[in-house]
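Take a look at the structure below.
If you're wondering where the values come from, they're calculated on a predicted model, not measured in any experiment. Below, each value reflects all heavy atoms present in this structure, side chains not excepted, and no hydrogens, waters or symmetry copies.
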Amino acid sequence: MFMKLQSQFGMINIDQNLIQKLLQHSDNYDGIEKVIYLYLEVCNNFSFSMKYFLEEILEPHNIISSGRLEQDMNLLARNNITCHKFSVLFSMIVSNFLGYSAKIIFNNPIMNFNKNHYDSAFCYGMGHQSVIVNFNNLSLKFDPLVSFLGSNSDFYNVKVGTQLKGIEVIKGKSTEIQKMIQSVYQKFRGYNIYSQEEFEAFNYSNNIEELNQDLQNCSLEGMDLLSYLLTCKKRYFPSSSLYFLLDKEPQKDSIEIDYYHRNVKATWATLLIVGDNYYIYQKETQKFIPISKEIVASKLKKEVWVTRDRFKIKEVEDSLIDLKRYEAMFAGDELYNLKEYLEQLPEECQNFFKDYLEKYPNCFQTLEEIIYLDNWQYPCELESIKTTCLNRKKCKNKK
């Protein structure tokens, strides 16, 4: 049964059973605690969309997408939520059922990615969206997706019982509120909450068999499983390398994704390199199995993108045809494929950014500027962006 509710983007239908499920234990909490409880419940019941993640590996989504709000909210499923869907669902329940003011905001590149600047979103699917809830003399920001993967995703943290990263005190006494958040979280989980360092230290060893035993006891799926693989890599082989690969060969668990405006089937694979030994995660058996360098090389020849900040895999470098550092960069836990963006730039900007990225490969500011360049007319109109274009002086001198 569906019910029509007011959202920031107009009236939409939402599954009444879903609302009841998310609020079923809300009477165990009071006031602000109810909102924190709802956040935990949403994180526990949903997982980030693997489809969205695979598409993001290929090409970052536009800052404003053609939103299908009604359809997306009608088809909400456990493993297909995004920051946009979360923001609509969470803010609607807070406003319509818990009686607090909730505002969907988005990261606005015009404002120089100012952490303390929060623009109200005027349409669905705009930039990275999160929610600010206002109470008396208190404002909290809720963002379960500080990053897609690992300990910066509260969709993962809530399921494994590690510290939350997505609730920020915007206005109010931070220390007191953090104590309340921790108290609600412990009550929700039923036992103590672990820091990520404590969680990664469990069963620490350098043993592939023990790692596999750990993984076979794991019930996580999709993006939560990928996050757990990152945790296990740190737990068992902290100095090793873990790569997430996008595999476009049809398989049982293939997902239909948008690949440069055409639909293709794709799935994920995970490669673990420990010293000179190569392992690939086998989904059927839930463990890492040995794989030869030759097979790794053949996989990497098939137009695969790798979510890692270095791409030269030992002894298979030759397989990485035309993959230069500036073509794909790793910012936080998210991959940005930059080749297409660079190719759209005027030649003088292309050369400048390529040289700059070769010289400063981990420059996050440069990455953000390039990622959003496709939303503006360049080079002249970069004057309208409040960020500082690294090539601006050269451009001005040419005028």
Side-chain angles (χ1 to χ4, degrees), residues 47-48 50 53-54 57 79 147-153 155-163 189 191-247 249 251-254 267-300 302 304-317 319-320 330 333 335:
S47 299
F48 188 67
M50 180 65 75
F53 176 65
L54 295 179
I57 286 179
N79 62 349
S147 181
F148 294 158
L149 287 166
S151 61
N152 283 323
S153 166
F155 290 113
Y156 173 62
N157 290 328
V158 171
K159 292 182 183 71
V160 297
T162 46
Q163 289 286 357
R189 290 289 303 175
Y191 51 80
N192 288 337
I193 307 305
Y194 301 106
S195 69
Q196 191 62 27
E197 292 72 24
E198 290 171 326
F199 189 62
E200 288 172 3
F202 290 169
N203 304 323
Y204 178 83
S205 73
N206 292 108
N207 188 303
I208 193 73
E209 286 77 20
E210 288 187 30
L211 181 150
N212 283 333
Q213 186 176 351
D214 190 332
L215 291 175
Q216 289 179 301
N217 293 328
C218 173
S219 60
L220 298 173
E221 299 176 353
M223 292 296 294
D224 299 320
L225 174 58
L226 296 193
S227 293
Y228 192 63
L229 293 177
L230 275 177
T231 294
C232 285
K233 193 277 289 193
K234 296 174 184 176
R235 181 182 287 176
Y236 292 93
F237 300 101
S239 59
S240 64
S241 299
L242 186 72
Y243 297 82
F244 294 121
L245 312 178
L246 186 145
D247 194 337
E249 288 187 354
Q251 296 180 33
K252 287 184 195 175
D253 66 339
S254 289
T267 186
W268 57 271
T270 305
L271 182 69
L272 174 67
I273 303 178
V274 182
D276 293 326
N277 299 310
Y278 291 65
Y279 303 90
I280 195 161
Y281 182 74
Q282 189 177 63
K283 298 166 191 175
E284 295 79 12
T285 60
Q286 293 181 271
K287 63 182 182 180
F288 280 99
I289 61 171
I291 185 171
S292 71
K293 295 182 207 125
E294 291 73 27
I295 294 177
V296 171
S298 70
K299 279 185 174 293
L300 293 175
K302 295 176 182 175
V304 170
W305 281 257
V306 184
T307 61
R308 194 73 166 86
D309 58 355
R310 72 176 194 269
F311 302 95
K312 294 289 187 183
I313 296 177
K314 189 178 180 183
E315 297 181 14
V316 293
E317 290 94 337
S319 68
L320 303 180
F330 191 73
D333 285 326
L335 176 78

Looking only at non-hydrogen atoms, find the nearest pair between [X] and [Y] and report the distance.
| X | Y | result |
| --- | --- | --- |
| R189 | V160 | NH2-C, 3.9 Å |
| S153 | F148 | CB-O, 3.7 Å |
| L215 | Q286 | CB-O, 3.5 Å |
| D276 | K293 | O-CE, 4.1 Å |
| E210 | S205 | OE1-OG, 3.2 Å |
| K159 | D224 | CE-OD2, 3.1 Å |

Which value, rounded to the nearest 0.5 Å, describes the distance between [X] atom [atom1] and [Y] atom [atom2]?
| X | Y | atom1 | atom2 | answer |
| --- | --- | --- | --- | --- |
| L242 | C232 | CG | SG | 10.0 Å |
| I291 | Q282 | CD1 | CD | 10.0 Å |
| S240 | N277 | OG | CG | 11.0 Å |
| L226 | Y281 | CG | OH | 9.5 Å |
| D214 | T231 | CG | OG1 | 9.5 Å |
| S254 | K252 | OG | NZ | 11.5 Å |

### Task
Could you tell me which residues satisfy side chain to side chain contact (heavy atoms under 4.5 Å, CB included) with S292, sequence neighbours excluded, listed by chain and number?
E294, I295
Which side-chain N or O atoms in residues 267-275 pair as donor and acceptor under 3.5 Å with protein atoms at least two apart or in another chain?
| unit_1 | atom_1 | unit_2 | atom_2 | d |
| --- | --- | --- | --- | --- |
| T267 | OG1 | D253 | OD1 | 3.0 |
| T267 | OG1 | D253 | OD2 | 3.0 |
| T267 | OG1 | K283 | NZ | 2.9 |

Can you tell if the side chain of [X] reaches within under 4.5 Å of the side chain of [Y], non-hydrogen atoms only?
| X | Y | result |
| --- | --- | --- |
| F237 | N206 | yes |
| I193 | Q163 | yes |
| K287 | I208 | no |
| R235 | Y228 | yes |
| N207 | Y236 | no |

### Query
Take atom CD in Q213; do more than 12 heavy atoms of anything else shown fall under 6.0 Å from it?
no
### Sidechain-backbone polar pair: N157 side chain, T162 backbone, donor-acceptor under 3.5 Å
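Looks like no, no N/O pair under 3.5 Å.
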### Task
Could you tell me if the ring centre of F48 sits under 6.0 Å from that of F53?
no
